[in-house]
Amino acid sequence: MTENRFDPSSADGRWQRAWDDAGTFTANSDSDKPKSYILEMFPYPSGRIHMGHVRNYTMGDVLARYKKMQGHEVLHPMGWDAFGMPAENAAMEKKVHPGAWTRSNIEAMKEQLQRIGFALDWTREFATCDPEYYGHEQALFLDMYAGGLVYRRSSEVNWDPVDMTVLANEQVIDGKGWRSGAEVEKRKLDQWFLKITDFADELLDGLGDLKDWPDKVRLMQENWIGKSQGLEFSFELSNGAQLPVYTTRPDTIFGASFCAIAADHPIAQELADNPAAAAFIEECKRGGTTAAELETAEKLGFDTGITARHPFTGEAMPVFIANFVLMDYGTGAVMGVPGHDQRDFEFATKYDLPIVRVVASDVAQADAPMGSEAESGDGVIVNSDFLDGKSVDEAKAEIIARAESGGWGEGTTVWRLRDWGISRQRYWGTPIPFIHCPKCDIVPVPKDQLPVTLPDDVDFETPGNPLERHPTWKHTTCPQCGGAAERETDTLDTFTNSSWYFLRFASQPADAPFDPAEIAKWMPVQHYIGGIEHAILHLLYARFWTRALSHIGKFDVKEPFAALFTQGMVTHETYRVGDGPWLSPAEVKIEGEKAFTLDGGDEVERGRVVKMSKSKKNVVDPDNIIANYGADAVRWFMLSDSPPERDLPWSESGIEGCYRFVQRLWRLFGQYDAAASGEDKALLRKAHQAVVAVAEDIEALGFNKAVARIYELAAAAEKAAPSESRNFAIRAILHLIAPMMPHLAEEAHAVMGETALIADAAWPAHDPALLVEDEVTIAVQHKGKLRDTLTVPKGASKDTLEALALGSEKVQRSLDGAEVRKVIVVPDRLVNIVT
RNA sequence: GCGGGUGUGGCGGAAUGGUAGACGCCGGGGACUUAAAAUCCCCUGAUCUUUUGAUCGUGUGGGUUCGAUUCCCACCACCCGCACCA
């Protein structure tokens, strides 16, 4: 090695081309090696790769390269989640076509990804806005329709009257459209839905099999699905009608003292000609929906004058319209049991309704007065006629049994999960492949007419959905009767695009969405890596699509992602002068504890360390960093220090440290001396231990620990004198870093005279005999403190250790003549002397 | 409000019942150099002590144990998710 510095600016590109030319990372599904499908959540082509992407894809890349070294056939693909609103926003602001904007972003971002040297199979790349992709999606959608999983019904949307468009909930800010600032209206539109609720039970039960998912994500999904079991029954009302209610606490039925219905409940709507009732209903609708407002919102009600007859006591209970009852959960009506439900308690207190105890800690406490809040805990039923003395669970079962045998109610399961509304009144998405015919109603587009492609000549100058306004696009003929008809102008929610892309990566026939034989080879994804922000929607939808497609016979896969990993964010300090605009790190110079602007020299306030974001301007552009330090230093930084599930604070000194280490390794590799001889048992042992430990760390995604071990082995190898053992250690390090710093590894590998790519090399073998030490250090404690350490042969007997420990001068000094009452010896670990 | 998580040097963190602070960053000292960069070596939790060393120390307070960062109970702080779900 003549040059003693590693030059990423020449090496990185050279090796990237070498991998590309050799097709090193092209997955071969016919291989008989064990298969590993490693996937990171594909990016939205916003324009630039950011550090969060780099961290995400580096982790996946290390796994992919490592698995390959372990002899697996690896599928590690990349593509683009390319439909979505930002493209339409760009179209409006910059007067560019959403497609053109998206395509150029993809091109730029692909180049950025390639500069980082990711081991990706680019032959399988696609964008969800490719007509082939969304055409197959339309076919799958039609199959799901045929399978009874798609339906249409009228549903409320947020309507922006100025932009003439439907807004997503996140686009409604304080009740106003985010762009127009206009007061948002509720409108009823006919919308398409997917029957995800048919799978609620399966999706919930399936979570139990996802052992390699974070508990947190499983729990979030569980809560989102929100299964609850109870009783649905009807009260007879004084006006002759029936009022169905749902309760999870049928055991407390004798404590009911009122009924409450939602403001948009049909019974409430019937009262709308009463001005006082109408005014109250109006007030309920106006109520804010922010967290703070809900928390402080007072329970309010309107007495309808109607009464409900208690099924057991026959008592007449008032029926209120109440602001805390939701129409879209249960039946939109509840029985109020103030003693044992906090909301009911507050309501009853305000309106002076009876608060009866029906659950107590024991029977003797039946008449204990209620406190200042409801008691929702367990106990024994009291003041409840035939239920008295039963446990809560027994009483629940008893009431449900009586309701069912008496025919006035039944045990029911209620879900929080709603069907998935997938209609979007937007241009840049998958057209929903249906035709509205005046004669034949709704007709699916015949499969041989797919894809239904988006028109290119669209206009974003006028408000509203461009597909709706397009002069010709929607006009077509009915496939059934041949008469004039109109295309559906709604497009699919972009979450549908990401609900099956992993299947398309695994196999890409031209004439079908996927090939079941290929799916069987690759699925499920072995490691799926992405941000926690997708813990609920994306992951639930992808699980649902996989089950739905299995259900209609497309293949046999229950869960798409065997293991899920949610990585932390990349964070950075924030900067601003007083209340001024945020400053980017490039606009600030740090001097000791303080920071100043580059130009004026004003002191800058160093703010909280938060996720890198455009709005706070605390971003660092990966391109600049790669240009300065090379891809390997950046990759190494992404893996070092912070555990991968936690946030990673970006620091300039950190990346410099990584760059120094790249150079340090380069010098170490340069010291490889094929002619060296002799054994260095300690170093050899360390190297073998590291080979095993780093592999374990990578498999557990403990990249920060793997990094630390490599530092340790490198330091030991640097200090050692040349020997065969040292050569082994150096070659071991070269292979251990290959998944993490692949360019450096290839370059050094080549300089050592190897002609093959290290990307194709095997993980180093280890000698199990060298994993165990023959000497161990024993800690000697007295009074819970370390007093001395002993170096002894491994496996020394308890008696030997005890004698050695008591013989220690330091121990004797600490004992100071005290009587030894007990000696605890843990072989190969420690001796603890108790006095 | 409900659910979950986190809390260890100046900073990121390691150790999940057995030597607390591995490894990295920052900082200090030194070597090499005409000088600088680069590189290498040493020190680096706190307090006391000339040294040997001693004491304290993993958010706080208790408990279990020969031994607790680790297990249990209570509390505090911060973060995340859901949110009037009957």
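The analysis underlying the following values was restricted to heavy atoms, covering all of them including side chains, and did not include hydrogens, waters or symmetry mates. So you know, we letter chains A, B, ... as the sequences are listed, proteins then strands, and number each from 1.
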Review point. NA contact type, A:T777, heavy-atom cut-off 4.0 Å: base, sugar-phosphate, or nothing?
Key: base
Check your understanding: Which heavy atom in A:V811 sits nearest to a heavy atom in A:R787, and how many Å separate them?
Key -> CG2-CB, 4.3 Å
**Study point:** Closest heavy-atom pair and its distance - A:F233, A:P311
**Key:** CE1-CG, 4.2 Å
Exercise for review: Rounded to whole angstrom, note down the P distance from B:C26 over to B:C71.
Suggested key: 34 Å
Study note, to complete from the structure: On RNA chain B, more 5' by nearest nucleotide between A:Y711 and A:S814 is A:Y711
Practice item. Provide the distance between the two P atoms, one in B:C23 and one in B:C48, to the nearest whole Å. Key: 27 Å
Check your understanding: Nearest-Å distance, CZ (A:F324) to P (B:A83)?
Key -> 19 Å
Check your understanding: So, does A:H340 use its side chain to make a donor-acceptor pair with the main chain of A:V358 at under 3.5 Å?
Key -> yes
Exercise for review: Please identify each residue that fulfils side-chain contact (heavy atoms from CB on, under 4.5 Å) with A:T566, with sequence neighbours left out.
Suggested key: A:P214, A:V217, A:I532, A:L564
Check your understanding: Tell me the salt bridge (charged side-chain N to carboxylate O under 4.0 Å, His left out) pairs involving residues 644-659 of chain A, sequence neighbours left out?
Key -> none
Check your understanding: In chain order, what residues pass the side-chain contact (heavy atoms from CB on, under 4.5 Å) check against A:S376, with sequence neighbours excluded?
Key -> none
**Study point:** A:E718/A:R664 ion pair, N-O < 4.0 Å
**Key:** yes
Exercise for review: Would you classify A:S653 as touching base, sugar-phosphate or nothing, given that sugar-phosphate means primed atoms plus P, OP1 and OP2, and contacts are heavy atoms under 4.0 Å?
Suggested key: sugar-phosphate
Report all interatomic pairs (protein N or O, nucleotide N or O of nucleotides 40-46 of chain B) with separations under 3.5 Å.
none

Point to revise | Sugar-phosphate only, base, or nothing, as touched by A:G330 at under 4.0 Å among non-hydrogen atoms | key: nothing
Review point. Between A:R606 (CZ) and B:C26 (C1'), how many Å, whole number?
Key: 12 Å
Study note, to complete from the structure: Looking only at heavy atoms, the pair that brings A:I698 and A:M740 closest together is CD1-CE, 3.9 Å
Review point. What nucleic acid atoms does A:R418 come within less than 4.0 Å of, heavy atoms only: base, sugar-phosphate, or nothing?
Key: nothing
Review point. Looking at RNA chain B, which of residues 796-813 of chain A put a heavy atom within less than 4.0 Å of it?
Key: A:K810
Practice item. Identify whether any heavy atom of A:V325 sits under 4.0 Å from a base atom; if not, whether one sits that close to sugar-phosphate; answer base, sugar-phosphate or nothing. Key: base
Check your understanding: Counting any heavy atom closer than 4.0 Å, what does A:K783 reach on the DNA or RNA strands: base, sugar-phosphate only, or nothing?
Key -> nothing
Check your understanding: Given the P atoms of B:G67 and B:U52, what is the spacing between them in whole Å?
Key -> 29 Å
Check your understanding: What closest approach, in Å, do A:S613 and A:N618 show between heavy atoms, and which atom pair accounts for it?
Key -> N-OD1, 2.9 Å
Exercise for review: Could you measure between the two C1' atoms, the one in B:A83 and the one in B:C76, and give it in whole Å?
Suggested key: 25 Å
Review point. What integer number of Å spans the C1' atoms of B:C72 and B:G57?
Key: 23 Å
Practice item. Note every stem involving RNA chain B: at least three consecutive Watson-Crick or G-U wobble pairs, i with j then i+1 with j-1, with both distances under 3.5 Å. Key: B:1-7 with B:76-82, B:10-12 with B:23-25, B:27-31 with B:39-43, B:45-48 with B:53-56, B:59-63 with B:71-75
Check your understanding: Would you call A:K299-A:D344 a salt bridge at under 4.0 Å N-O?
Key -> no
Revision key, fill the gap. 5'-most contact on RNA chain B (nearest-nucleotide basis), A:G654 vs A:N223, goes to A:N223
Check your understanding: Where the side chain of A:R416 is defined as all heavy atoms beyond and including C-beta, which of B:C66, B:C85, B:C84 is the nearest nucleotide?
Key -> B:C85
Review point. Among all residues two or more places apart in sequence or in another chain, which pass the ring pair (Phe, Tyr, Trp, His ring centres under 6.0 Å) test with A:F661?
Key: A:W636, A:Y711
Check your understanding: Which nucleotide in the set B:C66, B:C84, B:C25 lies at the smallest distance from any side-chain heavy atom of A:R343?
Key -> B:C84
Check your understanding: A:E712 near the nucleic acid: base, sugar-phosphate alone, or nothing, with a heavy-atom cut-off under 4.0 Å?
Key -> sugar-phosphate
Check your understanding: With sequence neighbours excluded, what pairs up with A:A695 under the side-chain contact (heavy atoms from CB on, under 4.5 Å) test?
Key -> A:Y66, A:Q70, A:W763
Review point. What class does the angle between the rings of A:F258 and A:F320 fall in, given that below 30° is parallel, 30 to 60° is tilted and above 60° is perpendicular?
Key: perpendicular
Practice item. Scan nucleotides 11-16 of chain B nucleotide by nucleotide, 5' to 3', and note B when protein non-hydrogen atoms come under 4.0 Å of the base, S if they reach only the sugar-phosphate, - if neither. Key: -BSSS-
Check your understanding: Does the side chain of A:Y246 get closer than 4.0 angstrom to OP1 or OP2 of B:A86 through an N or O atom?
Key -> no
Study note, to complete from the structure: Which of B:C84, B:C25, B:G4 is nearest the side chain of A:R660? It is B:C25
**Study point:** Pair A:E375 + A:R357: basic N to acidic O under 4.0 Å
**Key:** yes
Exercise for review: Not counting sequence neighbours, which residues clear side-chain contact (heavy atoms from CB on, under 4.5 Å) with A:A693? List them please.
Suggested key: A:R709
Review point. Under 30°, 30 to 60°, or over 60°: which ring-plane class applies to A:H534 and A:H538, parallel, tilted or perpendicular?
Key: perpendicular
Check your understanding: P atom, B:G12 versus B:G59: distance in rounded Å?
Key -> 13 Å
N/O donor-acceptor pairs under 3.5 Å from side chains in residues 792-800 of chain A, not counting sequence neighbours:
residue, atom, partner, partner atom, Å
A:S797, OG, A:T800, N, 3.1
A:S797, OG, A:T800, OG1, 2.5

Exercise for review: Compute the ring centroids of A:W650 and A:F637, then answer whether they are less than 6.0 Å apart.
Suggested key: yes
Review point. Roughly how far apart, to the nearest Å, are B:G28 and B:G62 at atom C1'?
Key: 41 Å
Review point. Does any residue of residues 826-834 of chain A have a heavy atom under 4.0 Å from RNA chain B, and if so, which ones, in number order?
Key: A:V826, A:R829, A:L830, A:N832, A:V834
Exercise for review: Considering only atom P, compute the distance from B:G63 to B:A46 and round it to an integer number of Å.
Suggested key: 30 Å
Review point. Using the purine O4'-C1'-N9-C4 or pyrimidine O4'-C1'-N1-C2 torsion, is B:G27 syn (within 90° of 0) or anti?
Key: anti
Exercise for review: Provide the closest heavy-atom pair for A:Y246 versus A:G330 in the form atom of the first, atom of the second, distance.
Suggested key: CB-CA, 4.3 Å
Practice item. Rounded off to whole Å, could you give me the CG-to-C1' distance for the A:L539 and B:G81 pair? Key: 14 Å
Point to revise | Closest to the A:L219 side chain, choosing from B:C82, B:G4, B:A22 | key: B:G4
